[in-house]
Amino acid sequence: MNTKWLSAVAALSASTAAFADEAAAVAPLVNVDPTGLIVFAALMVAMIGGFAAYIYYKEKGNKGGVAK
């Protein structure tokens, strides 16, 4: 049973190498609007800040005990 698994992995690795040569390299787009990236970064920073504030105020209200 182990040799069937090994032969399947070998066949899969050989076929993926053949398919890798067929993919054409595509140059990245130069004129891309960065609005999506800016919105994503702003939302990510806001969510991290909100989570930090939530943890801070939860610990502050607990008066030194373990968080519940």
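Hydrogens, waters and symmetry mates are skipped; everything else that's a heavy atom, side chains included, is used.
For the side-chain hydrogen bond (donor to acceptor under 3.5 Å, both in side chains) condition, no pair includes a residue of residues 44-54, sequence neighbours left out. Sorted by first and then second residue, the pairs that involve residues 32-41 and meet side-chain hydrogen bond (donor to acceptor under 3.5 Å, both in side chains), not counting sequence neighbours, are D33-T35.
Under the side-chain contact (heavy atoms from CB on, under 4.5 Å) criterion, M44 pairs with F40, I48, sequence neighbours left out. For V45, the side-chain contact (heavy atoms from CB on, under 4.5 Å) test picks out no residue, with sequence neighbours left out.
Grouped with V39 in one hydrophobic cluster are L43, the linkage being side-chain heavy-atom contacts under 4.5 Å among Ile, Leu, Val, Met, Phe, Trp and Tyr residues.
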